[in-house]
Amino acid sequence: MSDDLTRAVEALLFAAEEPMSAEEIAAHLEGADVRAALDELQALYRPRGVVLVERGKRWQFQTAPDLAHLLRREREQARRLSRAATEVLAIIAYHEPVSRAEIESIRGVQTSAGTLDVLMEAGWVRPAGRREVPGRPVIYATTPDFLSHFGLTSRRDLPGIDELKAAGLLDKVDDAFEAAFARDDPTESAEEVASDGERP
Amino acid sequence: MSDDLTRAVEALLFAAEEPMSAEEIAAHLEGADVRAALDELQALYRPRGVVLVERGKRWQFQTAPDLAHLLRREREQARRLSRAATEVLAIIAYHEPVSRAEIESIRGVQTSAGTLDVLMEAGWVRPAGRREVPGRPVIYATTPDFLSHFGLTSRRDLPGIDELKAAGLLDKVDDAFEAAFARDDPTESAEEVASDGERP
Amino acid sequence: MSDDGLMLGTAPDAAGEWDGPAAAPTGEGALYLELDGWEGPLDLLLDLARRQKVDLKAISILALVDQYIAYIERAEALKLEIAADYLVMAAWLAYLKSAMLLPKDEQEDPSPEELALRLQLRLERLGAMRDAAARLMARDRLGRDVFPRGAPEGIRVIRKSRWDCDYFALVQAYGTIQRRNEPVVHMVRERPVMTLDSAIERVSSMLGVTLNWLELRDFLPRHSDPRLRKSALASSFVAALELARLGKAELRQEDVFGPLHLRRVA
């Protein structure tokens, strides 16, 4: 089966301590084009106990999900995230990049600094610059490790993101309000709706 | 291909932090007989970039031996030899074989161990036995690589003291300064310049 | 932000707690004791809305308001301490309800329909994120459900130095050492100089010959060692200044850096 390049890519990914991008793999193989080898390996391993997955453009071998019950280490049960932290993580993942004020406006409560710290400490969330609006608030986004941890190839893989987007549930309330109110009440004049949106 | 047991053994060995014996593997799999699965996996991986090996009755995946070099990539970086190292190299070249104490007495300053290491790493200097004096110090000599790097057929090609003198490389600093200064002053007579050069 | 009265939360969430508040109970009776189980009024409203078992789009805001207010009243009756933001929300909802019950032409701006819609939109969004979080957490997670290689060999990049040195640098280094090692002898060379005393003597005797102006350079010894001439020029200049100070000579210079003339004071 495998030619030398495929074997080499396989060996590198097995040996790597971190997921590797195609570019990183190629850098170890004198710039060879490794795309075909990655595809071949992925197909080869698909039915196996170990599978090759792509997470945020980085590739890694990991055990097959259906074998989780055999491998789960009871004592090493990952610390459970608080409900606040899981919600904040979901909001960042589905809306990124997003400021703390925007997170709070969705949740309806203040977010303590500790919640974001917990997510950043886990390596799933990072500051991603500042929003260029008054006050220049810090905005947050997810990391490649977030994709790895939750088994996502990319953010497009987030569960239900397409449906949420289609339903407008990732739009701001103000935007959704304007759209919905204008639609529901055709007698309302455009000016009035617009002024609603601007109320302080 | 693989049945569930083989896949489970594969995943277990992949995720294991240490090599596992057949008994340990079986203990994770409700005492199943894993011998056949191990044989199957070993045969399956034999031509691959990763192989399953048994060492002292313990099983583990490892990179195929012929690909091990991929895991140790060397990156060369050109670095200029320090002045101290250049001096030590010159002393060894002119005086070999020579001990560290002798090098230091010629240089008039202590030589750090790192300096000799650098020269040996460069492949220009090698230990050449010990001097049969109290303490039996290691003595150093140059290598054939040294000659080829500097374009020398033999050490005799190195310029002698007289040649160094003729090239002005042995001039005292203040003499050289006087000579340069005198040249700048055209009123100075030729005789005087010449006589300056010879003054002890 | 709080234009619709929903950003009322002042109590921070249960940060840092890995085992956060237990999931809200579903039994009616348990509701009384679980006020701390919600993360603010919006959270409680969402929970109440979900009990209506209809799509949040079709929720009855009026019924929701009644449920919320009834819940808060029951909690007050039990003398539970209720955080201020829950009470503010209750007051806002009571206002919303009264506005919704008013005839349409007496309604203020914004209309209660608008406020209700905003509330419904917010609940929908919070609900969507809550569901998304649950689905996210239920995925096959690395280190819990799927595992990376337990003992990867690791990939190392070994940095190797290629040392560089050229022939000239090598030979020059040896020259430097040799030069450094030569015995150091300090010698003060004898230089041809004219001392100040002899210059004063020389200048005054020459001035004695005439009363005319003489240029300073005329006082210098002719055809001598150029280094002696340099020294004599310096000494003669200082001698001229000294004689002028003693009132024995006067100095004249026509322009800057021009020739310096002197003559005897008669």
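Per chain, numbering begins at 1; letters A, B, ... match sequence-line order. Values in this document were obtained by computation on a predicted structure and should not be read as measured data. Basis for what follows: all heavy atoms, side chains included, without hydrogens, waters or symmetry-related copies.
- Ring geometry, A:His149 versus A:Trp124: the interplanar angle falls from 30° to 60°, so the pair is classed tilted.
- Chosen from A:Asp171, A:Ile161, A:Asp66, the residue pairing most often with chain C at heavy-atom distances under 4.5 Å is A:Asp171.
- Ranked by heavy-atom pairs shorter than 4.5 Å toward chain C, the options A:Leu170, A:Val53, A:Leu169, A:Thr86 are led by A:Leu169.
- Among the candidates A:Ala90, A:Pro65, A:Gly151, A:Ala15, the residue making the largest number of heavy-atom pairs closer than 4.5 Å to chain C is A:Ala15.
- Looking only at side-chain heavy atoms (C-beta outward), A:Met120 and A:Pro127 come within less than 4.5 Å of each other.
- Remark: the C:Tyr71 side chain and the C:Gln67 side chain contain no N/O donor-acceptor pair separated by less than 3.5 Å.
- The contact between A:Gln60 and chain C is made entirely by side chain atoms (from C-beta outward), counting heavy-atom distances below 4.5 Å.
- Look at C:Arg118 and C:Glu114 and you find no salt bridge, because none of the NZ, NE, NH1 or NH2 atoms lies under 4.0 Å from a carboxylate O.
- In this structure A:Ile139 satisfies the side-chain contact (heavy atoms from CB on, under 4.5 Å) test together with A:Pro97, A:Ser99, A:Arg131, sequence neighbours excluded.
- Between chain C and the options A:Ile91, A:Val50, A:Leu67, heavy-atom pairs under 4.5 Å are most frequent for A:Ile91.
- For the set A:Ala64, A:Gly160, A:Pro19, the entry with the most heavy-atom pairs within less than 4.5 Å of chain C is A:Gly160.
- Contacts of A:Glu23 classified as side-chain contact (heavy atoms from CB on, under 4.5 Å), with partners at least two apart in sequence or in another chain: A:Ser21.
- For chain A, the nearby part of C:Asp43 is the side chain; its heavy atoms alone come within less than 4.5 Å.
- Only the backbone of A:Asp157 comes within less than 4.5 Å of a heavy atom in chain C; its side chain stays farther off.
- One side chain, A:Asp3 or A:Thr6, offers a donor N or O that lies under 3.5 Å from an acceptor on the other.
- Heavy-atom pairs under 4.5 Å with chain C were tallied for A:Leu70, A:Leu164, A:Leu152; the largest tally goes to A:Leu152.
- Electrostatic pairing of C:Asp47 and C:Arg51 counts as a salt bridge here, judged by a charged N lying under 4.0 Å from a carboxylate O.
- When each of C:Met129, C:Met137, C:Arg125 is scored by its heavy-atom pairs under 4.5 Å with chain A, the top score falls to C:Arg125.
- Contact annotation for A:Phe150: both backbone and side-chain heavy atoms come within less than 4.5 Å of a heavy atom of chain C.
- The contact between A:Leu158 and chain C is made entirely by side chain atoms (from C-beta outward), counting heavy-atom distances below 4.5 Å.
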